[in-house]
Enquirer: 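The structure under discussion is supplied below as structure tokens; questions concerning it will follow.
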Amino acid sequence: MSSAATEEGKPPSSGGASFSLPIFLQGGSGEPSVQLRPEDSHSISSPEFRQAPVRVVARFRPPVTDEEFQDAPAFVLRSGDSVTDCHAVSADHVAIESTDGRYRFEVDYAFSEEDSQQSVYDRIGRPAVEEVLAGYNGTILTYGQTGSGKTFSLFGPSFTEPELRGLAPRAAEQLVQHCVEGSASGESDFILRCSFLEIYRERMRDLLHPQNQSLRVKELPHRGLVVDGLTQDYVGSASDVLKALSTGSAWRSV
């Protein structure tokens with residue numbers, strides 16, 4: 001996973017060309033492919049797409065440098081004939097257009113600069129975890145240029161301040177809470193294990209155990225592609241997962 005350097009406490013700037021595109025894959029069948037190319041006008045918000053496993057959202061971050069504060073807005077949101085500023089407006093199924101008319105992307109949802117970590121999680125993180133708990137695969141991928149806010153959205157600037165936590169720690173808390181409640185009710189018993197893998201410059205690293213260098217991609221008959229040798233640490237609470245995330249983040253390359 002690539003990362004972005006963002007100012008602590010600041011979410012992903014619409015003052016420049018700076019926004020991130022978390023690509024949300026949820027349940028369903030098939031293997032859809034989404035390509036976001038500036039020269040195309042995409043129908044990502046079409047009814048057919050909304051029923052597909054892939055959903056795409058954009059999140060704008062506020063300006064953080066003096067230069068960005070002086071810049072004019074680079075993007076607007078268009079819904080039909082209505083055009084709004086992306087600074088403080090969030091919207092469903094809109095087109096993001098550059099003010100010079102060169103770029104246009106249609107997305108399922110656009111988060112404004114004012115949206116909190118909690119609101120982002122409620123829309124794209126919580127449904128993904130619910131699908132996983134229902135037996136489907138779930139993936140959240142953040143994509144964007146350096147400084148667009150990927151790391152802020154995915155991890156947050158702090159694991160110790162609940163309101164600033166990103167998608168990953170919030171998903172861990174939801175998952176563990178579900179397992180704890182299920183065990184308490186006697187309905188099920190759960191075993192939770194955690195891994196933290198980095199792929200950087202075509203090299204794989206086990207971030208929970210950096211000394212582990214014996215990682216290989218293998219394809220197993222009943223499991224598909226797996227990273228052979230990647231350690232899996234047992235976790236029994238949300239705090240255990242947060243500790244693992246904090247440990248792994250400290251070893252990331254960027």
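All values below come from the heavy atoms of this structure, side chains included, with hydrogens, waters and symmetry mates left out. This one's a predicted model, so the numbers in the text were calculated from it and none came from an experiment.
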Enquirer: Ignoring hydrogens, what is the shortest heavy-atom contact between Ala110 and Val94? Give both atom names and the distance.
Expert: CB-CG2, 3.9 Å

Enquirer: Quick one: closest heavy-atom pair of Asp122 and Arg126, and the distance?
Expert: OD1-NH2, 3.1 Å

Enquirer: What verdict does the side-chain contact (heavy atoms from CB on, under 4.5 Å) test give for Phe190 and Leu175, after you've listed the backbone C-alpha separation in whole Å, the side-chain angles of each residue and the deciding distance to 0.1 Å?
Expert: CA-CA 11 Å; Phe190 295 90; Leu175 181 61; over 6 Å; no

Enquirer: How far does OG of Ser119 sit from CZ of Arg59, to the nearest 0.5 angstrom?
Expert: 6.5 Å

Enquirer: Given side chains that start at C-beta, do those of Phe152 and Thr142 come closer than 4.5 Å, heavy atoms only?
Expert: no

Enquirer: Examine Leu225 and Leu197 and state if one hydrophobic cluster contains both, with Ile, Leu, Val, Met, Phe, Trp and Tyr joined whenever side-chain heavy atoms are less than 4.5 Å apart.
Expert: yes

Enquirer: Under 3.5 Å, side chain of Lys150 to main-chain N/O of Gly144, donor-acceptor pair present?
Expert: yes

Enquirer: Establish, from distance only, whether the side-chain atoms of Asp66 and Gln70 form a donor-acceptor pair under 3.5 Å.
Expert: no

Enquirer: Which heavy atom of Val241 sits nearest to which heavy atom of Ala172, and what is that distance?
Expert: CG1-CB, 3.2 Å

Enquirer: Judged by atom type as modelled, is there a donor-acceptor pair below 3.5 Å linking the side chain of Arg170 to the main-chain atoms of Pro162?
Expert: yes

Enquirer: State, to 0.1 Å, how close Tyr121 and Val129 come at their nearest heavy-atom pair, and which atoms those are.
Expert: OH-CG2, 3.5 Å

Enquirer: Decide if atom CD of Glu202 counts as having more than 12 heavy atoms of other residues, nucleotides or ligands within a radius under 6.0 Å.
Expert: no

Enquirer: In terms of hydrophobic clusters joined by side-chain contacts under 4.5 Å, are Trp251 and Val235 together?
Expert: yes

Enquirer: Hey, is the main chain of Glu173 close enough, under 3.5 Å, to the side chain of Gln177 for a donor-acceptor pair?
Expert: no

Enquirer: Using 30° and 60° as the class limits, which term best fits the ring planes of Phe159 and Phe155: parallel, tilted or perpendicular?
Expert: perpendicular

Enquirer: List the steps, then state whether side-chain contact (heavy atoms from CB on, under 4.5 Å) holds for Thr151 with Arg252.
Expert: CA-CA 11 Å; Thr151 300; Arg252 288 173 54 198; 3.7 Å; yes

Enquirer: Under a single-linkage definition using a 4.5 Å side-chain heavy-atom cutoff for Ile, Leu, Val, Met, Phe, Trp and Tyr, are Val132 and Leu192 assigned to the same hydrophobic cluster?
Expert: no

Enquirer: Drop me the distance from Tyr103's OH to Glu97's CD, to the nearest 0.5 angstrom.
Expert: 14.0 Å

Enquirer: Please check if the side chain of Ser79 supplies one atom and the backbone of Ser82 the other of a donor-acceptor pair under 3.5 Å.
Expert: no

Enquirer: Indicate yes or no for a side-chain donor-acceptor contact from Ser90 to the backbone of Ser112 under 3.5 Å, with no hydrogens or angles considered.
Expert: yes

Enquirer: Using side-chain heavy atoms (C-beta onward) and a distance below 4.5 Å, is Ser148 in contact with Tyr143?
Expert: no

Enquirer: Using a 3.5 Å distance criterion without hydrogens, assess whether the side chain of Thr99 forms a donor-acceptor pair with backbone atoms of Phe75.
Expert: no

Enquirer: With rounding to the nearest 0.5 angstrom, report the CG to CG distance, Leu230 to Asp206.
Expert: 5.0 Å

Enquirer: Nearest 0.5 Å, what's the CZ-CD1 distance between Arg205 and Ile199?
Expert: 12.5 Å

Enquirer: Could you tell me the separation between the CD atom of Gln117 and the OG atom of Ser153, rounded to the nearest 0.5 Å?
Expert: 6.0 Å

Enquirer: With hydrophobic residues grouped by side-chain heavy-atom distances under 4.5 Å, do Ile140 and Leu133 end up in a single group?
Expert: yes

Enquirer: Measure the CD-CG distance between Gln174 and Leu167 for me, rounded to the nearest 0.5 Å.
Expert: 11.0 Å

Enquirer: Which atom names give the shortest non-hydrogen contact between Ile96 and Ala58, and what distance separates them?
Expert: CD1-CB, 3.4 Å

Enquirer: Under 6.0 Å from the CD atom of Glu67, do we count more than 12 heavy atoms belonging to anything else shown?
Expert: no

Enquirer: What is the minimum heavy-atom distance between Tyr234 and Ile191, and which atoms define it?
Expert: CE2-CG2, 3.4 Å

Enquirer: Can Val76 be reached from Val107 by stepping across I, L, V, M, F, W or Y side chains whose heavy atoms are under 4.5 Å apart?
Expert: no

Enquirer: Taking the side chain from Ser246 and the backbone from Leu242, do they hold a donor-acceptor pair closer than 3.5 Å?
Expert: no

Enquirer: Can you give the donor-acceptor pairs under 3.5 Å from side chains of residues 213-221 to other protein atoms, not counting sequence neighbours?
Expert:
from: Gln213; atom 1: NE2; to: Pro210; atom 2: O; distance (Å): 2.9
from: Ser214; atom 1: OG; to: Asn212; atom 2: OD1; distance (Å): 3.1
from: Arg216; atom 1: NH2; to: Asp228; atom 2: OD2; distance (Å): 3.3

Enquirer: Within a strict 4.5 Å, meaning less than it, do heavy atoms of the Thr160 and Ser158 side chains meet?
Expert: yes

